[in-house]
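The structure under discussion appears below in the form of structure tokens.
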Protein chains: 2
Amino acid sequence: MEPLRFAENKLYLLDQRLLPARVDYVECADWRCVAGCISRMVVRGAPAIGAAAAYGMALAALEYGQESWPVFSAALEEAALGLKSTRPTAVNLSWAVDRMRAAAAGLAERAPREIAEQLAAEAERLARQDVDTNRRIGRFGAELVADGARILTHCNAGALATVGYGTALGTVRAAVEAGKKVHVFAGETRPYLQGARLTAWELLREQIPVTLLADNMAGFLMQQGKVDQVWVGADRIAANGDVANKIGTYSLAVLAAAHRLPFYVAAPFSTFDLTLQSGAEIPIEERCETELTHFAGIRVAPEGILCYNPSFDVTPAALITAIVTEYGVIHHPDAEKIRAFFREHEYVR
Amino acid sequence: MEPLRFAENKLYLLDQRLLPARVDYVECADWRCVAGCISRMVVRGAPAIGAAAAYGMALAALEYGQESWPVFSAALEEAALGLKSTRPTAVNLSWAVDRMRAAAAGLAERAPREIAEQLAAEAERLARQDVDTNRRIGRFGAELVADGARILTHCNAGALATVGYGTALGTVRAAVEAGKKVHVFAGETRPYLQGARLTAWELLREQIPVTLLADNMAGFLMQQGKVDQVWVGADRIAANGDVANKIGTYSLAVLAAAHRLPFYVAAPFSTFDLTLQSGAEIPIEERCETELTHFAGIRVAPEGILCYNPSFDVTPAALITAIVTEYGVIHHPDAEKIRAFFREHEYVR
């Protein structure tokens, strides 16, 4: 089960809106289709939309590969802006687009057709690296998971949210591969139910024990001593370690702190946005009200009701026990540690 | 809009499962129908199910009013046990049944037919008192609500959860009646969506400003300084002030404490269970998994998934700013204050 697959100059995106009822792929022959799929959440999850956007850039290059350089580069720029504007919060999206832009710029003397081929190869590299990155995150993360651990997670930071393997769920997978027994509690994650529809499905398929609960049950579960750790992914991490992630993450972090439970964030370097000093600067997407007022097309809330529907929230670094990256673990993250960690690993965005 | 209505020896229960799409009443001619309606949540909310159960006892008495005393009293006892066994957490249910039992016992020399008439009158008194009680709670509660207050509430502790007016929403109503501007944030209250379906509907009808949000958004709302107070109802309050209420209440109380927001519980004396030392002794109902796995008959979670679905949780007294009753406000409740308060108001269960 792959969330995305590129073949014969087409990107196939697993339609995550239909899961778990149906496994179906949307075929995208151009970047506009990819942008639409990101907007409409056919594909979701910060690393997965990053990879999809990279392929979107490749599709734009292939589409205009027969054109003159000015037409070609203008088309690439249009695709870059169009892809970036689909969803505001996850920084992996612009990271991936910018990486593709930089690759194109580095090839500027070549013929557009050749650049297009190179960009397709670059998108493939980015996608393959994502899986490798997740496996490395998983190995570091698994060291923090005790045998028998009961792990609460939120949303889907799994194979479906990435090109494969997952970040928070990558850690769960790595712990299981290391022979540890774990039990996952998956918050259903209103309003879009990524926990109920995606995380539950993904873990069940691999026979990793998982129990579904409504988001508002997490506190009671912790109060009863039924959770050992919380693991989530991230959509953007500011320079000071503040983490934007799926709405509800902040509530879980407060609850974890109140119950003295470790709260872990698993995310690749590409999720860090060191241009932002703190989480207060991260743009938070608000999505349409029907996500709350309707369910599978059926109205559940009364006509005329006002809604508040932010898709993400910001968890301050002070509530985070550690951020687990592909280069290792940043314990009790703050601006200084993160800066030092990036320097140490000579990572340049 | 009345959640229950008694006329010509029949109890009409507003079918709260159909709201807000349809306003429809279930007609109950005997106690078994009433018990079924409580189990299946046609009627819900601690005070409302108490009143429904009282009418259920009256219906049992009317049904067997032509029988001999032994048959009549055995039938009443059967109804009492049957009604009490429908839902375990809200104590108003057994409080109301026991009040009806005591009324019957006090009339034991009379003819069953006469007792039955008296019990019907007693159920009417209990129902009328509930509305009066709520208005008194509302007046005390409204004193704690500043003009312009932004109030977060959970589930439905409104007119629909009582015989009328409501407890937590009774306070909102009383504040509005006193000329204060308020804005209510209603958590949708998964899995049963009492907030989206009932609270939103109830407040919209009275043009009290209300915004709907998913339960997991409450923390982010508080973090942004958009909430001033939290108000909830209760299903059972132990002698030490621990409060059982709709699942998710405990999480909100922890979040409120973390954001230094007052957390108020509005409930009548009939919700206290002084036989229980603490909330740990309160039985917590777990309901069926389909509440989480299905929506309006549509499966959303994968087949075979395990679920955790407690309907209530327990908020420790230490997290409660005040409990507002029909006799006044118990600030920072504890066992001693509650005992003193009950003694002062000479309230005997």
Side-chain angles (χ1 to χ4, degrees), chain A residues 19-21 154 185-191 193 196-197 200-201 204-205 209-221 223 226 246-255 257-259 284 289 291-293 295-296 298-310 312-314 316, chain B residues 19-21 154 185-191 193 196-197 200-201 204-205 209-221 223 226 246-255 257-259 284 289 291-293 295-296 298-310 312-314 316:
Chain A
L19 290 175
H154 188 58
F185 287 96
E188 64 175 359
T189 316
R190 284 286 290 154
L193 298 174
R197 297 190 303 104
W201 184 73
L204 264 186
R205 276 169 61 101
V210 52
T211 298
L212 178 66
L213 66 159
D215 304 321
N216 65 26
M217 295 166 187
F220 191 45
L221 198 74
Q223 188 195 45
K226 293 182 178 171
K246 180 52 55 194
I247 185 71
T249 300
Y250 169 64
S251 291
L252 290 182
V254 171
L255 287 164
H259 295 87
I284 298 297
E289 306 208 333
E291 285 187 0
L292 279 170
T293 57
F295 204 101
I298 300 164
R299 173 174 278 283
V300 291
E303 299 251 12
I305 187 74
L306 292 175
C307 290
Y308 175 64
N309 187 26
F312 303 92
D313 58 26
V314 176
Chain B
L19 289 175
H154 188 58
F185 287 96
E188 64 175 0
T189 317
R190 283 286 291 155
L193 298 175
R197 299 192 301 106
W201 184 71
L204 264 187
R205 278 170 58 102
V210 53
T211 298
L212 178 65
L213 66 159
D215 304 322
N216 65 26
M217 296 166 186
F220 190 46
L221 197 75
Q223 188 195 44
K226 293 181 178 172
K246 179 53 54 194
I247 185 72
T249 300
Y250 170 64
S251 291
L252 291 182
V254 171
L255 288 164
H259 295 86
I284 299 297
E289 305 206 335
E291 284 187 0
L292 279 170
T293 57
F295 202 99
I298 301 164
R299 173 174 279 282
V300 289
E303 299 251 13
I305 186 74
L306 291 173
C307 290
Y308 175 65
N309 186 26
F312 303 92
D313 59 25
V314 175

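Lettering follows sequence order; numbering is per chain, from 1.
- A:Lys246 does not touch chain B: none of its heavy atoms, backbone or side chain, sits under 4.5 Å away.
- Contacts with chain B were tallied for A:Cys307, A:Gly187, A:Ala214; A:Cys307 has the most, counting heavy-atom pairs under 4.5 Å.
- Heavy atoms of A:Arg190 lying under 4.5 Å from chain B belong to its backbone as well as its side chain.
- Most heavy-atom pairs under 4.5 Å with chain B, from the set A:His259, A:Glu291, A:His154: that is A:His259.
- Ranked by non-hydrogen atom pairs under 4.5 Å with chain B, the options A:Glu188, A:Met217, A:Arg197 are led by A:Met217.
- Neither the backbone nor the side chain of A:Glu289 has a heavy atom closer than 4.5 Å to any heavy atom of chain B.
- Per-residue counts of heavy-atom pairs under 4.5 Å with chain B were compared for A:Ile298, A:Leu252, A:Leu255; the largest is that of A:Leu255.
- With B:Gln223 contributing its side chain and A:Asp313 its backbone, the two residues share no donor-acceptor pair below 3.5 Å.
- Chosen from A:Thr293, A:Leu212, A:Val254, A:Val210, the residue pairing most often with chain B at heavy-atom distances under 4.5 Å is A:Leu212.
- Taking the six-membered ring where tryptophan is involved, the planes of B:Tyr308 and A:Phe220 are essentially parallel, since the angle between them stays under 30° and well short of 60°.
- B:Ala258 touches chain A through its side chain: at least one heavy atom from C-beta onward sits under 4.5 Å away, while N, CA, C and O do not.
- In terms of heavy-atom pairs under 4.5 Å with chain B, the best-connected choice from A:Asp215, A:Leu193, A:Ile247 is A:Ile247.
- The CG atom of B:Leu213 lies 7.5 Å from the CZ atom of B:Phe185; values are rounded to the nearest 0.5 Å.
- Your options are B:Thr189, B:Ile305, B:Ile284, and the one with the most heavy-atom pairs under 4.5 Å with chain A is B:Ile305.
- In this structure the side chain of B:Phe312 never reaches within 4.5 angstrom of the side chain of B:Tyr250, judged on heavy atoms.
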